[in-house]
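This report refers to the structure that appears directly beneath it.
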Amino acid sequence: MPAPSAVRGTPFHERTGPLCQAGNWRRWAGHLSASSYEPTHEHEYQAIRSAAALIDVSPLHKYRLSGPGAATLANRIVTRDVDRQEIGQVYYTPWCDAAGKVRDDGTLHRLGASDFRLTSAEPTLKWLHENARGLDVEIEEETEQVAALALQGPRSRELLERITDGDVAGLPYFRVMSARIAGIAAEISRTGYTGDLGYEIWVGAADAIPLWDALTAAGAPFGLAPAGMLALDMARLEAGLLLVDVDFVPAHRAIIEDRKSSPYELGLGWTVSLEASNFVGRAALRAERARPPAWRFRGIVLDWESLEAAYAAVGLPPQLPGTTLRDSVPLYAGGRQVGYATSRGWSPTLKTYLGLAHLEAESAAVGTELEIEVTVEHRRRRGRATVAKTPFFDPERKRATP
Amino acid sequence: MSATNAYDAIIVGGGHNGLINAAYLARAGLRTVVLERRHLVGGAAVTEEIFPGFKYSVASYVVSLLRPEIIRDLRLARHGLEILPLESTITPLPNGDYLGRWADHDQTRRDLYRHSPKDAEAYDDFATLMYRLAWAVKPLLGIVPPDPLSPGLRDLKTLLMLGRHARGLDEQQFHALFKLGTMSAADYLDEWFESDPLKATMSASGIIGTFLGPRSPGTAYVLLHHYMGEIDGVFRAWGFARGGNGMVSESIASSARSHGAEIRTGATVERVLTANGRATGVVLDDGEELTAKTVVSGVDPKRTFLGLLDPEELPEDLVEAIRRFRIRGSSGKVNLSLSEAPEFSCLPGEGPHLRGAFSISPSTDYLERAYDDAKYGGFSRRPYMDIVIPSMIDPGMAPPGRHVMSIFVQYAAFDIEGGWDDAKREAFGDAVVDTLSEYVPNLRDSILHRQVLTPLDMQEQLGLTEGNIFHGELTPQQLFFFRPSPAWADYRTPVRGFYQCGSGTHPGGGVCGASGRLAALEILRDLRRRRRGRP
């Protein structure tokens, strides 16, 4: 038996492989994932924001929950109230450990009364089984069996309409439907990680290549381009969407307690339904709700003039990142460190330098003036930043149904 | 006259500089109105659907050096401005080959290496030097030109600041700066490179909008502009506006309105009204009068001083200087609606290269000959062309699968022998299509609609005197404290309360917007001083 390979291609690799002119690959859950297809990723980002982009998200972990106990299991896991989830509705949701600390986040698709698809960043099979004790539920891992493509961008709807029998125009934000795309059976969800109009398409792995071909053929007149993770990372920052292992550490991977966060501390309080059936962590979160959380997750906007001054001090124009930075940097207020920024980057759409930050609650009010560490020519300096609301970029088209 | 016609500030002309000026004044709390002759704002930066389903950036077609501070101050991104990258420049060659410069450094180096291994290295050295020089000179874009002969306190401060910047340069850099200010683009590039298509394509940036050839002195300076754009790289100061260049104007207008500015289209200003050497308002061609203590002209210097005012109201030397101000039109524009993507024989098929620019500039001789045709009162039989296919970058510009092509064409004399007429316009358009067809075999058969603008059309339709796209040539003797005239380069005029904010003032040129902003800041400065009781 040969040793298993450390990385493998996704079901789309036969197509994405030759397209990746940049040779710029990264690993995503044991799969090859293109960072950028072209030598520079800017066009791919622009495809997301001004045309349409195709992003291979097959490495997401995917689980199918079915049987009489499926809804009960889902309700035990996620913080949202599954009893109120309609068939065809998708929930974005975190899920927690017993202490109410976030293990992971993902989407829960209710495909039938007792039929769900859960997507996650981390492997979750064991967690599902542990919480399924005593329930009549079938848990099927379909990570490898289901290929997934995100079709994102303002023109994604027009494009998709041309090749599907499904009522794409009638599909509201965060809903899912079954449809055929160029004859291929698929689930189409109005979801994505870009904060823009877009869809995610879920098909059997064997149908991956025909799906790719159908989409790219139909997409050419709409400026469809394959987009990699660098472009996606810029879009998700503008959308204020957090990223596991960058903006938070999964509770079950945290070595020390300080690395864990509750949904309230991640700005996900809106997903917590304390009245729902007894999900894991509810008691702890109920207790936390009684007192204000110590930490908040917020947007920050860096002040341009202060950056310019920091660079001018060494005789340089400001150098800004062309990609989203994922290293943590300290934030200060009143001469004291009050938090840290976890994702930072330049928004080509908003023409501002943005970040996502963990802040002590008393320094987290929108509009609070902060200082941020900036390293200029190997030396640490301070720039100014202001606490801001997320999402930074929130176009109407994201939610609109024509 | 109704009280509603009383304003704090009236801006004549709704081009991008006029709109920027209005936005800044309105933002400062002034009751501001923009008066635009046409049915839409934007001046030369407009998007129009002349052929159904196809959108043309009729005249100006790329965003060049749009000041980041304007994008920030006026929140243009939130008002709809999206600038898409224009990543490559391909120069197709008559032998079927091409020379390409791409967004990726290694890709560019390999392409240059095919033509000249030495140039591939020199290109990087050149870029380093030019970046350094651009960084030294760039503050000029953001300052009011000082008067070097009778400097005030602020002028001295400005000169000192500029001196400090120049002092940071080493000997080689300082010499290069002087050469750039005096030499021709072709001569300067000869010192660096051996590949003719590379030199020709680079020198083309120096001839755009001037009635000069690549071998004319004074054309080297504009080489720096490209590298100033590099400094603003992350802001995308150079690029393609989503929705065409009209979206630049629309976003500025939207910002201006959000600050309370009023924008009136279909309002042609006949004259600026004055009393006792002061501006008091304007009168429209239908006789309607509007009053304001501040009147700002966004139109070119010829129209500003010789059209809106009675020359009698101005010092004779200024009138003479403006009469001599070089504003010779040299370019035309051809916009095409295409049934399919153009197929360049040097790089067949669709690919990322179609999202970039194409430069028809195979050699320096080619450009110089194109100039010769115009020099003697004609248009280039085989012109220099700068081509973009906006629908490749922004598919919304044309119906799915169809395309629009924007062709900037140089040279065409404004005062063509015998004058422009319909036949000459079509002959000019034919010269463009004929020349381009040598590189794009499927072009002719895919043309669904053709719009041709001659320099005369640009004067008559867009209000650009002699069809000059920059409101006056961007040559050293017409820059900085010479723009448009010494002693009146600080946006003021001899008529108190009457200001200039168009591209004919410093720094001018392209969709840069600095003129509109700097003029607004000067106006607000004067108003503050007036309030404090100083003249």
Side-chain angles (χ1 to χ4, degrees), chain A residues 19 21-24 36-52 153-155 158-159 161-162 217-225 238 301 303-305 307-308 311-312 314-323 345-353 392-395, chain B residues 66 68-78 81-88 102-108 131-132 134-136 138-139 165 168 228 230-237 239-243 340-341 350-352 355-356 391-403:
Chain A
L19 281 172
Q21 292 295 307
N24 192 1
S36 74
Y37 289 90
E38 294 187 7
T40 50
H41 61 280
E42 206 173 337
H43 174 252
E44 296 169 26
Y45 163 83
Q46 293 296 352
I48 293 173
R49 287 287 178 246
S50 50
R155 308 208 74 187
E158 287 167 84
L159 186 171
E161 272 178 334
R162 290 194 161 195
F222 297 96
L224 179 74
E238 292 172 332
V301 172
D303 172 73
W304 179 257
E305 276 76 18
L307 279 177
E308 216 164 33
Y311 279 91
V314 296
L316 283 176
Q319 319 274 303
L320 287 185
T323 57
W346 175 255
S347 163
T349 299
L350 301 174
K351 311 271 181 207
T352 38
Y353 192 170
F392 300 105
F393 179 69
D394 194 18
Chain B
L66 180 60
E69 53 270 27
I70 295 172
I71 298 175
R72 279 200 311 276
D73 290 348
L74 303 183
R75 301 166 73 83
L76 297 186
R78 290 187 199 271
L81 177 68
E82 286 178 58
I83 302 179
L84 309 177
L86 201 58
E87 290 180 321
S88 58
W102 308 86
D104 185 78
H105 174 259
D106 288 329
Q107 210 174 352
T108 301
Y131 185 90
R132 179 68 188 88
W135 175 235
K138 197 167 159 275
H165 253 271
M228 288 186 199
E230 296 280 306
I231 293 171
D232 295 332
V234 73
F235 273 100
R236 273 271 149 246
F240 178 83
R242 185 179 176 205
E340 59 180 350
E350 289 198 25
R355 299 198 309 256
S391 50
M392 281 286 172
I393 315 161
D394 175 9
M397 297 294 282
R402 315 248 167 178
H403 291 282

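Since we're looking at a predicted model, the values are computed, not measured.
Listed by chain and number, the residues in a side chain to side chain contact (heavy atoms under 4.5 Å, CB included) with A:Ala51 are B:Pro395 (sequence neighbours excluded).
Interatomic distance, A:Leu350 CG to B:Arg72 CZ, rounded to the nearest 0.5 Å: 14.0 Å. The line from CZ of A:Arg155 to CG of B:Asp394 is 8.0 Å long, rounded to the nearest 0.5 Å. With values rounded to the nearest 0.5 angstrom, A:Thr352 atom OG1 is found 6.5 Å from B:Arg78 atom CZ.
Counting all heavy atoms, side chain and backbone alike, A:Gln46 lies closest to B:Ile83 at NE2-O, 3.6 Å.
For B:Arg75, the CZ atom sits in a loose shell: 12 or fewer heavy atoms of surrounding residues, nucleotides or ligands are nearer than 6.0 Å.
In terms of non-hydrogen atom pairs under 4.5 Å with chain A, the most contact-rich of B:Gly401, B:Ala103, B:Pro400, B:Pro399 is B:Pro400. In terms of non-hydrogen atom pairs under 4.5 Å with chain B, the most contact-rich of A:Pro221, A:Pro317, A:Pro39, A:Ser347 is A:Pro317.
Of the atoms belonging to A:Glu158, not a single heavy atom falls under 4.5 Å from chain B. B:Arg355 touches chain A through its side chain: at least one heavy atom from C-beta onward sits under 4.5 Å away, while N, CA, C and O do not. Residue contact with chain B, scored on non-hydrogen atoms closer than 4.5 Å, is absent for A:Gln21. Proximity to chain B is absent for every atom of A:Tyr37, based on heavy atoms less than 4.5 angstrom apart.
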Chi angles and distances behind the side-chain contact (heavy atoms from CB on, under 4.5 Å) call for B:Glu87, A:Glu38:
CA-CA 12 Å; B:Glu87 290 180 321; A:Glu38 294 187 7; 4.2 Å; yes
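With B:Trp135 contributing its side chain and A:Gly315 its backbone, the two residues share a donor-acceptor pair below 3.5 Å.
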